[in-house]
Amino acid sequence: MTQTKKSPKKFVVANWKMHGSLKQNQSLLDAYIKALSNLKHTQIVVCAPYPYLAQLQSMLGSTDIAWGAQNMAKNEIGPFTGEVSAEMLRDFGCEYVILGHSERATAYCESDENIAQKFMTAKKHGLTPILCVGETLIEREAGVMEMVVSKQLDTIIKLYGAEAFADAIISYEPIWAIGTGLAATPDQAKAMHKFIHNKIAALNVEAENRLKILYGGSVNPQNAVQLFEVENIDGGLVGKCSLDAQNFENICFAADSIH
Ligand code: PEP
């Protein structure tokens, strides 16, 4: 794992998406720092829009809370107007980067190949990729969710081998659960997490041992314990509820209570 300051049992990752301002972030981060500095079993990660990474570095640098970005370029340097490289993220102290989030994959037509290249570029530069995978509602209703997730993973496996998953994070995010208030049930999440673990383990046991799998999609203070208690769920990626300090803190406390 890239330099997380402890070896956590659970991760809770805040995905702020395109929300925030210097002022709003300051009060949210102040609240996070006050409430979450003494967690014993959980690594908190805050993923903010690019312009606020300097603010995260300045406010979180002396805390146990880590931070990261929500995307990055697959290329390392060059004439790619509007792109941000892995090294630029490192310059601002990022340790993590969310890749392949469905909101990007859909709106910006990101291919699995593109995401796979970003994944390896992140690793090469010492960033822990948080790779989002998941199926649409139509795919779940058709019973092909494992096939869909498998294909998303296969692109990385084909290009770089299953060992690429060592020290990486996958976030299983059923697209139908993101921002809808309708989370996957613990059983649905458990089945998919088990499927992913088995798939990687069949190819490389060592990589599977060093892989974390989070659940994302309408995690809230009411369902967090039930989800995080599930074997093989190593924590959560949290969108909406990370924008409310009290909700986010309660989700983090839920994660920290399970050890
Ligand atoms: C996300 O977008 O990664 C996410 C999990 O969002 P929400 O928690 O709002 O469903």
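Numbering of ligands and ligand atoms starts at 1, following listing order.
Neither Ile196 nor Val148 shares a network with the other; the hydrophobic side chains, linked directly or stepwise wherever heavy atoms of I, L, V, M, F, W or Y lie under 4.5 Å apart, form separate groups for each. Hydrophobic clustering places Leu182 together with Leu137 (ILVMFWY residues linked when any side-chain heavy atoms are closer than 4.5 Å, directly or through intermediates). Put simply, Trp67 and Leu36 are part of the same group of oily side chains (I, L, V, M, F, W, Y) that touch within less than 4.5 Å, one to the next.
Here Phe119 pairs with Phe165 under the ring pair (Phe, Tyr, Trp, His ring centres under 6.0 Å) rule; sequence neighbours left out.
Taking a cut-off of under 4.0 Å to the non-hydrogen atoms of Gly217, the atoms of ligand 1 that pass are 5 (C), 10 (O). Those atoms of ligand 1 that come under 4.0 Å of a heavy atom in Lys240, given as number and element, are 7 (P), 8 (O), 9 (O). Contact atoms of ligand 1 toward Leu237: 3 (O), 5 (C) (distance under 4.0 Å to a heavy atom of the residue). Atoms of ligand 1 found under 4.0 Å from any heavy atom of Asn15, numbered from 1 in the order shown, are 1 (C), 2 (O), 3 (O). The contact set between ligand 1 and His101, taken as ligand atoms under 4.0 Å from a residue heavy atom, comprises 1 (C), 2 (O), 3 (O). Close approach to Glu173 involves these atoms of ligand 1, each under 4.0 Å from a residue heavy atom: 1 (C), 3 (O), 5 (C).
Heavy atoms of Ala177 come nearer than 4.0 angstrom to ligand 1 in at least one pair. Note on ligand 1: Ser218 sits in its first shell, one or more heavy atoms being nearer than 4.0 Å.
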Handout entry: Verdict with reasoning, Asp154 to Lys199, per salt bridge (Lys or Arg N to Asp or Glu O under 4.0 Å)
Key = CA-CA 10 Å; Asp154 279 341; Lys199 181 177 171 77; 2.7 Å; yes
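Looking at atom 8 (O) of ligand 1, its nearest protein heavy atom turns out to be Gly239 N, 2.8 Å.
Heavy-atom neighbours of Ile138 CD1 from other residues, nucleotides or ligands within 6.0 Å: at or below the threshold of 12. Within a 6.0 Å radius of NZ in Lys240, other residues, nucleotides and ligands contribute 12 heavy atoms or fewer.
Scanning Ser242, Gly216, Gly179 for the heavy atom closest to atom 10 (O) of ligand 1 points to Gly179. Of the listed residues (Glu103, Lys17, Gln70), the one carrying the non-hydrogen atom nearest atom 6 (O) of ligand 1 is Lys17.
For the pair Glu139 and Met145, the minimum side-chain heavy-atom distance is 4.5 Å or more.
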